[in-house]
Amino acid sequence: MSAKAISEQTGKELLYKYICTTSAIQNRFKYARVTPDTDWAHLLQDHPWLLSQSLVVKPDQLIKRRGKLGLVGVNLTLDGVKSWLKPRLGQEATGIVRAIRDYQGPLKEHEVTIFVRRGGPNYQEGLRVMGEVGKTTGIPIHVFGTETHMTAIVGMALGHRPIPNQPPTAAHTANFLLNASGSTSTPAPSRTASFSESRADEVAPAKKAKPAMPLGKSATLFSCHTKAIVWGMQTRAVQGMLDFDYVCSRDEPSVAAMVYPFTGDHKQKFYWGHKEILIPVFKNMADAMKKHPEVDVLISFASLRSAYDSTIETMNHAQIRTIAIIAEGIPEALTRKLIKKAEQKGVTIIGPATVGGIKPGCFKIGNTGGMLDNILASKLYRPGSVAYVSRSGGMSNELNNIISRTTDGVYEGVAIGGDRYPGSTFMDHVLRYQDTPGVKMIVVLGEIGGTEEYKICRGIKEGRITKPVVSWCIGTCATMFSSEVQFGHAGACANQASETAVAKNQALKEAGVFVPRSFDELGEIIQSVYEDLVARGVIIPAQEVPPPTVPMDYSWARELGLIRKPASFMTSICDERGQELIYAGMPITEVFKEEMGIGGVLGLLWFQKRLPKYSCQFIEMCLMVTADHGPAVSGAHNTIICARAGKDLVSSLTSGLLTIGDRFGGALDAAAKMFSKAFDSGIIPMEFVNKMKKEGKLIMGIGHRVKSINNPDMRVQILKDYVRQHFPATPLLDYALEVEKITTSKKPNLILNVDGLIGVAFVDMLRNCGSFTREEADEYIDIGALNGIFVLGRSMGFIGHYLDQKRLKQGLYRHPWDDISYVLPEHMSM
């Protein structure tokens with residue numbers, strides 16, 4: 001398994017490279033890469049086997065089910081491959097949109113009509129895209145958002161329900177946030193919003209309920225003063241909780257602290273409305289509890305491996321009364337131990353395998369309720385009169401939508417989780433709702449598997465539950481299968497007839513629960529019961545109050561296309577955002593396939609050019625000959641002193657690099673500029689030498705302390721021979737060698753040194769290799785690209801000196817007195 005996602009081509013190349021050709025397993029991988037710009041004639045020259053073998057064509061991307069999506073062609077000729085690629089290559093579309101476009105012919109032929117119902121984050125944009133596809137392809141596509149019940153499109157598609165002829169909603173995801181303060185209406189104007197208030201003269205229920213809650217547990221889990229600790233570095237979930245708190249007009253954030261064992265204590269920045277706040281993050285649970293005694297809720301985002309231990313640790317703190325466990329996959333044996341201990345401690349557990357719960361106007365757990373636009377659309381910023389409990393977190397979000405559209409809204413909602421042994425049960429929460437005055441009716445969304453719903457039936461018959469209950473058990477379609485069906489949740493499987501959804505729905509109905517004929521009618525039943533309670537005066541609708549405006553996050557606003565912002569800086573050499581790292585437009589797999597080496601990579605990253613092979617080799621040779629020049633030179637000396645002073649590698653390397661300049665190493669740029677200027681101005685070498693002498697200036701790149709015409713520098717000789725043999729033209733090098741003849745006639749050590757040769761040869765390469773215009777070549781010389789060669793090469797040597805000193809365990813360096821000439825005032829001289 002790779003640490004980073006790689007393409008199929010890369011994976012096969014690795015196999016081809018590392019499976020021994022003499023082994024029993026032979027890798028006969030052949031491939032050709034095709035892009036919209038591919039020259040097919042050139043491709044055939046490189047891969048003649050394309051004409052003689054059966055071919056497979058597919059996108060080289062990290063997706064599954066390519067065959068099912070029509071994204072693979074098998075047993076094709078080269079012409080067949082071209083035909084297959086023609087409608088697909090370069091087309092950017094994804095998922096269902098692409099499938100509709102690719103198969104619009106058969107869809108039209110069979111007169112297919114498509115129905116789409118979508119909710120969730122940014123669902124309006126998804127519906128807009130689907131609507132546009134319908135218009136451009138001519139395929140009838142009906143799109144519906146959260147205003148339509150999620151299963152209503154099934155009835156429409158089967159002809160049992162009329163298709164609403166309504167114009168598409170113009171609103172998009174951001175409208176709830178942007179318009180909240182400028183309107184007295186709520187985001188869903190189709191009904192009059194209201195909420196019930198606790199009144200002294202409430203109409204009493206028909207029967208008096210018996211005591212419901214077990215001893216030690218409170219009927220109220222959350223209030224507008226509830227404080228929580230979040231276990232795990234879930235910054236997005238915490239920000240969602242704070243935004244919810246803000247729109248609910250809470251005085252303080254509901255998150256008091258976070259616990260994250262993998263870092264030290266610190267503070268994390270979040271938004272509270274328009275301003276930034278800091279929330280402490282603790283490494284240790286006990287420290288967080290001690291610093292925040294007001295906390296009574298813990299929200300655990302711990303993984304399935306650590307959730308048990310962290311929950312046990314949490315229950316050792318008596319202040320915690322409610323724990324939400326988000327993780328799924330916790331072993332059932334461990335979950336049962338948690339439940340037993342929670343019963344002993346009087347702690348309510350929500351989960352495992354849950355999104356959590358929400359109490360509108362008060363508190364929400366983690367990501368419950370979705371993004372802020374959904375919170376506002378479902379009016380979860382203020383309490384209603386309906387409380388619900390479900391197993392599914394996703395379906396609890398749908399209940400929020402249904403209840404907000406058919407009643408005055410949600411009072412509280414909990415998703416107990418889909419595991420076989422939930423920490424709290426349907427009955428636990430139904431009994432809490434029974435004892436809560438603000439709850440006027442209860443909705444239970446069960447599912448196939450388990451017998452928990454029968455306890456509700458008994459509770460109603462025994463008089464423990466007197467408030468109206470609306471319920472539906474999902475999974476009635478299981479009876480259509482001949483074998484046992486395991487649905488998505490671990491506990492969603494009927495092990496006996498009594499656990500089927502059909503049997504439980506029938507039992508609930510016989511017990512007096514309001515049970516619809518199907519999930520499709522759930523909203524209608526809820527609305528009918530609610531309106532009856534309003535008519536009897538049990539629920540007194542109140543005037544809707546719009547929530548405060550919450551600023552939209554920049555990343556979300558940009559995704560929606562609401563804002564634009566100039567980039568902080570520009571880059572054109574590398575792109576790491578996609579499936580594969582790209583150097584100047586060249587995928588990293590191509591870099592290795594072409595065996596470009598360090599010189600080729602340097603050409604891509606420094607010059608954005610694919611340089612000729614001889615240029616890449618020359619660059620690598622320059623790096624080799626400039627790698628080191630002994631410990632006596634200033635850069636190496638500084639590096640050694642830093643290393644012996646106990647400094648780290650980066651500090652020691654930096655110390656050496658900072659000495660590079662005109663006197664040490666920087667002669668590459670200076671020599672290139674000086675010789676180029678003289679050559680381009682047309683003056684002959686003798687005039688150039690005399691001119692520099694007259695001005696009292698040194699000729700950069702000329703002269704060496706040790707080497708001379710009689711003791712040549714072999715580095716210079718190696719590079720000079722290579723350049724003359726491989727470069728198409730060397731006018732500047734020839735000019736510099738003529739200058740050398742003049743200077744060495746005056747003094748034998750005034751040779752063209754390695755800095756000078758690299759400088760002039762590099763100019764010849766830039767100007768004559770065919771990859772650069774004259775203006776581009778001169779620009780790179782002016783901006784100091786040549787000194788980069790010395791910096792990069794000499795860094796290798798400096799690092800070598802650092803490692804050498806550490807390996808030799810050299811102590812702190814102190815310069816000897818006898819090597820220092822102390823210049824003192826005359827009266828102090830000895």
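A donor-acceptor pair shorter than 3.5 Å cannot be found between the side chains of Arg118 and Thr146. With 3.5 Å as the limit, one finds no donor-acceptor pair spanning the side chains of His142 and Thr113. Using a 3.5 Å distance cut-off with no hydrogens or angles, the side chains of Gln434 and Thr466 do pair a donor with an acceptor. The closest side-chain donor-acceptor pair between Ser378 and Asn401, if any, does not fall under 3.5 angstrom.
Here the straight-line distance linking atom SG of Cys473 with atom CD1 of Ile448 works out to 9.5 Å at 0.5 Å rounding. For the atom pair OG (Ser396) and CG (Leu445), the distance works out to 9.0 Å, reported to the nearest 0.5 Å. Annotation: the span from Leu399 atom CG to Ser404 atom OG amounts to 10.5 Å, rounded to 0.5 Å. To the nearest 0.5 angstrom, Ile279 atom CD1 is 9.0 Å from Met241 atom CE.
Side-chain contact check for Phe270 versus Pro253: every heavy-atom pair is 4.5 Å or farther apart. Using a 4.5 Å heavy-atom threshold, the side chains of Asp520 and Thr151 count as touching. Side-chain contact between Cys457 and Leu508: present, with at least one pair of heavy atoms (C-beta onward) separated by less than 4.5 Å. When side chains are defined from C-beta on, Ile277 counts as touching Leu242, because their heavy atoms get closer than 4.5 Å. By the 4.5 Å heavy-atom criterion applied to side chains, Ile320 and Val297 are not counted as neighbours. Using a 4.5 Å heavy-atom threshold, the side chains of Val534 and Val538 count as separate. Between Lys467 and Tyr433, the closest side-chain pair of non-hydrogen atoms is not below 4.5 Å. The side-chain heavy atoms of Tyr388 and Asn400, taken from C-beta on, include a pair separated by under 4.5 Å.
The number of heavy-atom neighbours closer than 6.0 Å to CD of Glu328, taken from other residues, nucleotides and ligands shown, is 12 or below.
Checking side-chain atoms of Asp428 against main-chain N and O of Thr425 turns up a donor-acceptor pair under 3.5 Å. Between the side chain of Glu452 and the main chain of Met427, a donor-acceptor pair closer than 3.5 Å is present. No donor-acceptor pair closer than 3.5 Å links the side chain of Lys364 to the backbone N or O of Gly361. Proximity of a side-chain donor or acceptor of Gln527 to a complementary backbone N or O of Arg405 within less than 3.5 Å is not detected. Panel note: side chain Ser390, backbone Ser392; a donor-acceptor pair is recorded below 3.5 Å.
A salt bridge links Lys269 with Glu276; the closest basic N to acidic carboxylate O contact falls under 4.0 Å. A salt bridge links Arg117 to Glu398: one of the charged nitrogens lies within less than 4.0 Å of a carboxylate oxygen. Here Lys379 does not pair with Glu544 in a salt bridge; the nearest charged N to carboxylate O distance is not below 4.0 Å. For Lys227 and Glu252, the salt-bridge test passes: some basic side-chain N is under 4.0 Å from an acidic carboxylate O.
Applying the ring-ring contact (aromatic ring centres under 6.0 Å, His included) definition to pairs two or more places apart or across chains, those involving residues 221-253 are Phe222-Phe363, Tyr246-Trp272.
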Return all side-chain donor-acceptor pairs below 3.5 angstrom for residues 346-356, not counting sequence neighbours, or 'none' if the list is empty.
from	atom 1	to	atom 2	distance (Å)
Thr354	OG1	Gly356	N	2.9
Thr354	OG1	Ala415	O	2.5

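Between Val295 and Ala256, the closest heavy-atom pair is CG2-CB, 3.6 Å.
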Could you walk me through whether Val97 and Val129 pass the side-chain contact (heavy atoms from CB on, under 4.5 Å) test, one step at a time? CA-CA 8 Å; Val97 173; Val129 170; 3.8 Å; yes
